[in-house]
Amino acid sequence: MTDGREKEALRAALRVRRAALDTARRQADAEAVCARVLALPAYRRARVVMAYAAVRGELDVAGVLEDVLASGRVLAMPRCEGPGRMRAYAVENRGRLAPGTFGIQEPDGSCPAVKAGEIGLILVPGTAFDRAGNRLGQGGGYYDRFLAGTRAVRVGICHDFALLDRVPCAAHDVRMDAVLTPSFTLSITGRVEPDHS
């Protein structure tokens, strides 16, 4: 059985490391991880891409949001709809985001819902990931429940220091197909191949 205290201790330690990053480093790391996403063939093939609005030191993937919108594809973003439940909505532009649950920027009420089965690739934020694709989230179970209902390619996004040899996980936790950091692209299941062009 997974030790909840171990998870909380790890979350706390990594939050401290994220908070210690200066603005220049945050910006450089965000640009680097966005470039890695944009280079993925799996990303370029996806007609519907789900991404997130960064909070509390998560890597900002705004560059990916803008690329999806500029390409004419569908940008889906999550909205929390109750304890442990979230749903994807199509966002036409970033002006359609408004503060929602936990202060996270979420699609406003005018955005249409996107069926989970339509999503081709999902960028998943995490406090930490390990080399087997296991994820340590914020503790609410929102992503695990959502990811269990989709066949989309799952790409974890984290800081270099948050890619660990092992994170505590439970049987219901959903593994990633790949994990991207500013310095590294780790393909785990073979569904995400690095760009070799």
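The hydrophobic clustering, which links ILVMFWY residues whose side-chain heavy atoms are closer than 4.5 Å, places I119 and L40 together. Taking hydrophobic clusters as Ile, Leu, Val, Met, Phe, Trp and Tyr residues chained together by side-chain heavy-atom distances below 4.5 Å, Y89 does not share a cluster with I122. Note on L136: it does not cluster hydrophobically with V55, by side-chain heavy-atom contacts below 4.5 Å among ILVMFWY residues. Under the 4.5 Å side-chain heavy-atom criterion for Ile, Leu, Val, Met, Phe, Trp and Tyr, L38 and L186 are members of the same hydrophobic cluster. Linking Ile, Leu, Val, Met, Phe, Trp and Tyr residues whenever their side-chain heavy atoms come within less than 4.5 Å leaves L163 and L21 in two separate clusters.
With hydrogens and angles left out, the side-chain atoms of R36 and T185 include a donor and acceptor closer than 3.5 Å.
When every heavy atom of A132 is checked against every heavy atom of I188, the shortest pair comes out as O-CG2, 3.6 Å. Shortest non-hydrogen contact noted between L14 and A128 is CD1-CB, 3.4 Å. Taking every heavy atom of both residues into account, F129 and G156 meet most closely at CZ-CA, 3.5 Å. Nearest heavy atoms, T127 versus R11: CG2-CA, 3.9 Å. Scanning all heavy atoms of the two residues, the minimum distance from L59 to A30 falls at CD2-N, 3.9 Å. Smallest separation of non-hydrogen atoms from S183 and D160: OG-OD2, 2.9 Å.
Residues L147 and M176 have side chains in contact (heavy-atom distance under 4.5 Å, counting atoms from C-beta outward). A 4.5 Å side-chain heavy-atom check between R18 and F161 finds at least one atom pair inside the cut-off. When side chains are defined from C-beta on, D165 does not count as touching D130, because their heavy atoms never get closer than 4.5 Å. Put simply, the side chain of P78 does not reach to within 4.5 Å of the side chain of R87, judged on heavy atoms. Looking at R154 and R191, their side chains come closer than 4.5 Å, going by heavy atoms from C-beta outward. The closest side-chain heavy-atom distance from D177 to V155 is not below 4.5 Å. Put simply, the side chain of Y52 does not reach to within 4.5 Å of the side chain of I104, judged on heavy atoms. Counting heavy atoms from C-beta outward, R56 and R15 have side chains that stay 4.5 Å or more apart.
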Working for side chain to side chain contact (heavy atoms under 4.5 Å, CB included), residues Y43 and R73: CA-CA 11 Å; Y43 165 76; R73 294 180 290 166; 3.0 Å; yes
Intermediate values then yes/no, salt bridge (charged side-chain N to carboxylate O under 4.0 Å, His left out), E118 and K115: CA-CA 5 Å; E118 296 175 350; K115 293 179 181 175; 5.0 Å; no
Working for side chain to side chain contact (heavy atoms under 4.5 Å, CB included), residues L97 and M77: CA-CA 9 Å; L97 300 176; M77 296 187 71; 3.8 Å; yes
Full working for side chain to side chain contact (heavy atoms under 4.5 Å, CB included) between E66 and R94: CA-CA 8 Å; E66 296 302 331; R94 294 179 68 194; 2.7 Å; yes
Working for side chain to side chain contact (heavy atoms under 4.5 Å, CB included), residues C80 and R85: CA-CA 6 Å; C80 297; R85 291 189 308 110; over 6 Å; no
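Atom-to-atom distance recorded for L180:CG and C34:SG is 10.0 Å, nearest 0.5 angstrom. With values rounded to the nearest 0.5 angstrom, E58 atom CD is found 11.0 Å from C158 atom SG. Rounding to the nearest 0.5 Å gives a distance of 8.5 Å between CD of E106 and CD of E81. Atom OG1 of T181 is separated from atom NE2 of H159 by 10.0 Å, given to the nearest 0.5 angstrom. One distance of note links CZ of R79 with SG of C111; it measures 7.0 Å at 0.5 Å rounding. Annotation: the span from N134 atom CG to L164 atom CG amounts to 11.0 Å, rounded to 0.5 Å.
Ionic pairing of R5 and E8 is not present here: no N-O contact between side-chain nitrogen and carboxylate oxygen is shorter than 4.0 angstrom. Comment: R45 engages E193 in a salt bridge, judged by a side-chain N to carboxylate O separation of less than 4.0 angstrom. A salt bridge is defined here as a Lys NZ or Arg NE, NH1 or NH2 lying under 4.0 Å from an Asp or Glu carboxylate O, and R166 with E6 meets this definition. Ionic pairing of R26 and D22 is not present here: no N-O contact between side-chain nitrogen and carboxylate oxygen is shorter than 4.0 angstrom.
Formation of a donor-acceptor pair under 3.5 Å by the D144 side chain with backbone atoms of V174 is found in this model. R44 places a side-chain N or O within 3.5 Å of a backbone atom of A39 that can act as its donor or acceptor partner. Side chain of S187 to backbone of A178: no donor-acceptor contact under 3.5 angstrom is found.
With I157 as reference, V37 is the one residue of V124, V179, V37 to meet the side-chain contact (heavy atoms from CB on, under 4.5 Å) rule.
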